Amino acid sequence: MRLLVHKPGMLTTVQDLGRWGHQSRGVSVSGAMDPFSLRLGNVLLGNGEGAAALELTVLGPELEVLEGGTLILAGGDLKMRLDGIPAEPWRVYRVSRGCRISFGGLGSGGCRANLCLAGGVEVPSVMGSRSTHLRARLGGFQGRALAAGDEIVSGSPDPLWARGEGLPCPEDLRPRWDPLAPLEVLEGPQTDAFTPQGLETFFGNEYAISPEADRMGYRFEGPAVEHLAGADIVSDAIPLGAIQVPGHGQPIAMLADRQTTGGYTKIGVLSAWSVAQLAQRLPGQGVRFRRTTPEEATAVLRDFEERLRRAGSVRASWRSRQETPSLQGEGPRRFRLRLEGREYDVQVSPGA
């Protein structure tokens, strides 16, 4: 598959599941802001879960298909259109040369989505990842967001990619984004650096997402959280979802492009699921925090792993279905099969 960028959208970057294992050397992880949607979209296409995709933010790009294939919009509803015709998220579409892919902005929920291509987005792997880190100009497409004139190509799709056309993701497998649901927080590592009143303030009040919200972190505005004896600590590691509270008392949630270390107290860490929930919210929206436990957070992840397993079964069932009568008589269907490093052209005649 090959795509030409006519308009880049608000912020369109290549992302996979991140550049893990290099934080000790100061290299940020990056990766999809909503990795759960990325993984599910890839499974439905027959890709590896961590295949790279185009991450779209609020207003997606305008693309022209130069070489066809299948794709799926996994994540928020950004009103995708194929040749001007509305195309719903969470459904596999087949596109041919000349098709125009465009987006109309925010739809029914979520502000970020992954445009997954069969075969994954093919860009050089840097330190084990194709993710873009914008501040370091590392990875992705030349280390930057997409621009008009760029060409995006996919890797080799799995042999049965064409059979996935039309596959819808069942409603009960899709992630949901409830803008009113509290975000779940695991206490620590410096919860004891805050007064009881400070903890009550943090967990008992609503905060608004500040305009200073990007892939590195989301700042919150609301009642100041009181420290016990100051905000500064000896710098230590910043895990995904860490909530720092500087001296002004306004929390900051650290996200995909976060720095590797920091010297402010951390009142807690968002669960992995809540990180993705937060990434689908916009500046100005309200946020509340709720205590959770490792057991509760792990149970949510186990539930998602079961959804992925079921999605693989749904894909297999869809691909193995009989051709509908309307396809009979259309002539032979052609597939390209890759086996042990060699490619074969396969022709299947109707009724064969």
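Small disclaimer: the values here were computed from a predicted structure and weren't measured.
Of the possible donor and acceptor atoms, none in the side chain of S102 sits under 3.5 Å from a partner among the backbone N and O of E62. R91 places a side-chain N or O within donor-acceptor distance of the main-chain N or O of G166, the cut-off being under 3.5 Å. Using a distance-only test at 3.5 Å, with no hydrogens or angles considered, no donor-acceptor pair links the side chain of H227 to the main chain of A229. Distance alone, capped at 3.5 Å, places no donor-acceptor pair between the E55 side chain and the A113 backbone. No donor-acceptor pair under 3.5 Å is formed between the side chain of S274 and the backbone N or O of Q277. A donor-acceptor distance shorter than 3.5 angstrom exists from the side chain of T298 to the backbone of P294, with no hydrogens or angles considered. A distance-only check finds no donor-acceptor pair linking the side chain of T292 to the backbone of E296 [under 3.5 Å].
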Step-by-step side-chain hydrogen bond (donor to acceptor under 3.5 Å, both in side chains) determination, S28 to D257: CA-CA 6 Å; S28 297; D257 284 358; over 6 Å; no
Steps toward side chain to side chain contact (heavy atoms under 4.5 Å, CB included) verdict (V43, E49): CA-CA 6 Å; V43 166; E49 292 179 20; 3.7 Å; yes
R302/V300 under side chain to side chain contact (heavy atoms under 4.5 Å, CB included): CA gap, chis, key distance, verdict: CA-CA 5 Å; R302 288 186 178 134; V300 174; over 6 Å; no
L138 and R19: CA distance, side-chain angles, deciding distance, side chain to side chain contact (heavy atoms under 4.5 Å, CB included) verdict: CA-CA 10 Å; L138 182 69; R19 191 168 285 106; 3.9 Å; yes
Verdict with supporting geometry, L173 and R310, side chain to side chain contact (heavy atoms under 4.5 Å, CB included): CA-CA 8 Å; L173 300 187; R310 290 170 55 200; 3.4 Å; yes
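The pair E184-R291 does not meet the salt-bridge criterion, since no charged nitrogen lies less than 4.0 angstrom from a carboxylate oxygen. Using a 4.0 Å cut-off between charged nitrogen and carboxylate oxygen, R135 and D214 count as a salt-bridge pair. Looking at E64 and R97, no side-chain N of the basic residue comes within less than 4.0 Å of a carboxylate O on the acidic one, giving no salt bridge.
Between Y93 and I72 the shortest side-chain heavy-atom distance does not fall below 4.5 Å. The shortest side-chain heavy-atom distance between C169 and L40 falls under the 4.5 Å cut-off. The side-chain heavy atoms of L167 and R319, taken from C-beta on, include no pair separated by under 4.5 Å. Contact check for H6 versus R100: side-chain heavy atoms found under the 4.5 Å cut-off. Under the 4.5 Å side-chain criterion, counting only non-hydrogen atoms from C-beta, T260 is not in contact with I238. Taking the side chain as every heavy atom from C-beta outward, T132 and S30 never approach each other to under 4.5 Å. For the pair D16/V121, no side-chain contact is recorded, criterion being any heavy-atom separation below 4.5 Å from C-beta on. Side-chain contact check for D303 versus R307: some heavy-atom pair is nearer than 4.5 Å.
Residues passing the salt bridge (Lys or Arg N to Asp or Glu O under 4.0 Å) test with E221, sequence neighbours excluded: none. In terms of the salt bridge (Lys or Arg N to Asp or Glu O under 4.0 Å) criterion, residue partners of E306 (sequence neighbours excluded) are, by chain and number, R309. By the side-chain contact (heavy atoms from CB on, under 4.5 Å) test, E67 is found to be paired with R2, residues two or more places apart in sequence or in another chain being considered. Listed by chain and residue number, L180, A181 satisfy the side-chain contact (heavy atoms from CB on, under 4.5 Å) test with D178 (two or more places apart in sequence, or in another chain). In this structure T70 satisfies the side-chain contact (heavy atoms from CB on, under 4.5 Å) test together with L45, V92, R94, A118, W161, sequence neighbours excluded. With sequence neighbours excluded, the residues that form a salt bridge (Lys or Arg N to Asp or Glu O under 4.0 Å) with E305 are R39. For P61, the side-chain contact (heavy atoms from CB on, under 4.5 Å) partners at least two apart in sequence or on another chain are T12, L56, L63, F103. Residues satisfying the side-chain hydrogen bond (donor to acceptor under 3.5 Å, both in side chains) criterion with Q142, sequence neighbours excluded, are R144.
Under a 4.5 Å side-chain heavy-atom cut-off, the cluster of Ile, Leu, Val, Met, Phe, Trp and Tyr residues that includes V29 is completed by W20. If you chain together ILVMFWY residues whose side-chain heavy atoms come under 4.5 Å of each other, L4 ends up grouped with L66. Grouped by direct or indirect side-chain proximity (heavy atoms under 4.5 Å, Ile/Leu/Val/Met/Phe/Trp/Tyr only), L17 sits with L38. Under the 4.5 angstrom side-chain criterion for Ile, Leu, Val, Met, Phe, Trp and Tyr, the cluster partners of V287 are M33, L183, V185, F194, L199, F202, F203, Y207, I209, Y218, F220, V225, L240, I243, V245, L255, I267, L270, V275, L278, F289.
Cluster membership check: L73 shares its hydrophobic cluster with L117, using side-chain heavy-atom separations under 4.5 Å among Ile, Leu, Val, Met, Phe, Trp and Tyr. Linking Ile, Leu, Val, Met, Phe, Trp and Tyr whenever their side-chain heavy atoms come within less than 4.5 Å leaves L134 and L146 in two separate clusters. At a threshold of 4.5 Å between side-chain heavy atoms, the hydrophobic network of Ile, Leu, Val, Met, Phe, Trp and Tyr places M216 and V269 in two separate groups. Using a 4.5 Å cut-off between side-chain heavy atoms of Ile, Leu, Val, Met, Phe, Trp and Tyr, with links allowed through other members, V5 and L59 fall into the same hydrophobic cluster.
The cationic atom of R315 (NZ for Lys, CZ for Arg) does not lie both less than 6.0 Å from the six-membered ring centre of W318 and within 45° of the ring axis.
Here C99 contributes atom SG and I85 contributes atom CD1; the two are 8.5 Å apart, rounded to the nearest 0.5 Å. Going from atom CG of L54 over to atom CG of N114 covers 9.0 Å, rounded to the nearest 0.5 Å. Distance CD/Q15 to NE2/H133: 9.5 Å, rounded to 0.5 Å. With values rounded to the nearest 0.5 angstrom, Q285 atom CD is found 10.5 Å from E206 atom CD. Distance check, rounded to the nearest 0.5 Å: CG of L282 to SG of C111 gives 4.5 Å. Rounding to the nearest 0.5 Å gives a distance of 6.5 Å between CG of D232 and OH of Y264.
Looking only at atom types and distance, the side chain of R25 has a donor-acceptor partner in the side chain of H22 under 3.5 Å away. Side-chain contact of Q197 with T195: a donor-acceptor pair under 3.5 Å is absent, judged by distance alone. With 3.5 Å as the limit, one finds a donor-acceptor pair spanning the side chains of Q280 and D34. A donor atom on one side chain and an acceptor atom on the other are not found under 3.5 Å apart for E200 and N205.
Among all heavy-atom pairs drawn from S37 and G75, the shortest one is OG-CA, 3.6 Å.
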